[in-house]
Amino acid sequence: MLITLEGLDGSGKTTAWRALRDRYPAAVFTREPTDSWYGEAVLRSVDDDDADPLAELFLYMADHADHLSRVIRPALADGSTVVSDRYSDSRIAYQAATLADSTLADPFEYVRSIHGPISRPPDATLYLDVDPETAAERSGRTNKFERVDHLRAVRAGYERLIDEHPDRFVRIDATRPQATVLDDVTAVVDRLLD
Ligand SMILES: Nc1ncnc2c1ncn2[C@@H]1O[C@H](COP(=O)(O)OP(=O)(O)O)[C@@H](O)[C@H]1O
Ligand SMILES: Cc1cn([C@H]2C[C@H](O)[C@@H](COP(=O)(O)OP(=O)(O)O)O2)c(=O)[nH]c1=O
């Protein structure tokens, strides 16, 4: 089973990921961007405020393709549970926002369409839901994506994904105290793996 954690920067994904890793030590825990050289290329682009958004998308896609062949598919083939901190939904929500002013007629559909032939959809996704202001505050505005106006557009992309995949997403109100959020996260994953 492939479980993904999604949400705006600062929504608490990594905190939840760590708690799940302690609770399910036999599962495979991973993330995007990955720690491969493809992921390093992605972070170089994230650090470049003048990066071309289409080129940046393809860097994320290269990292995703490597992640699929090197980590995701082999672990699932072994029968492992995989938990990924960010995955394809992040690309659709974030890069649809960065490509909003591009020549693409529908960036959201375009980014989704290039995943179809090469990717493997999650079986379940926990969406940690926070408002853009809280997200920007908690994340410390450390990169170009962590601006309130950009996060508003990203959140709209996530909401569209949730509307279209209501059976895959579990929304968790991540504005509540950390302990409460983690209780919800582990209860959801317990049910998924039961
Ligand atoms: N429910 C919460 N309430 C308050 N602060 C939180 C909560 N969840 C996470 N944080 C804090 O917000 C920051 C970002 O958390 P993190 O788990 O790294 O989020 P993400 O991986 O989604 O960017 C950290 O300082 C973390 O301690
Ligand atoms: C996986 C992924 C992340 N991102 C963004 C979200 C983050 O701002 C940044 C990843 O940097 P990172 O430091 O991993 O941030 P976070 O811990 O919040 O995930 O890249 C995309 O724009 N597209 C993607 O496909």
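Counting starts at 1 for both ligands and their atoms, in listed order.
- Side-chain N/O atoms of Y38 and R70 include no donor and acceptor closer than 3.5 Å.
- Each of the following atoms of ligand 2 lies closer than 4.0 Å to a heavy atom of Y94: 6 (C), 21 (C), 22 (O), 23 (N).
- Closest to atom 8 (O) of ligand 2 among all protein heavy atoms lies D9 OD2, 2.5 Å.
- When A179, G12, A19, G10 are checked for heavy-atom proximity to atom 23 (O) of ligand 1, G10 turns out nearest.
- Ligand 1 has S11 within reach: a non-hydrogen atom of the residue lies less than 4.0 Å from it.
- Contacts of Q95 with ligand 2, taken as heavy-atom pairs under 4.0 Å, involve the side chain alone.
- Of the heavy atoms in N143, only side-chain atoms (C-beta onward) come closer than 4.0 Å to ligand 2.
- Ligand 2 has at least one atom lying under 4.0 Å from a heavy atom of R31.
- Under the 4.0 angstrom criterion, atom 21 (O) of ligand 1 counts as having a protein heavy-atom contact.
- Under the 4.0 angstrom criterion for non-hydrogen atoms, A174 is in contact with ligand 1.
- In this structure, atom 20 (O) of ligand 2 lies nearest to the protein heavy atom Y60 OH, 2.7 Å.
- Of the listed options E146, R138, E137, R138 places a heavy atom closest to atom 4 (C) of ligand 1.
- Of the listed options H150, K144, R86, R86 places a heavy atom closest to atom 16 (P) of ligand 2.
- Residue contact check for ligand 1: L8 places a non-hydrogen atom closer than 4.0 Å to it.
- Between D85 and ligand 1, a contact under 3.5 Å exists for no N or O pair.
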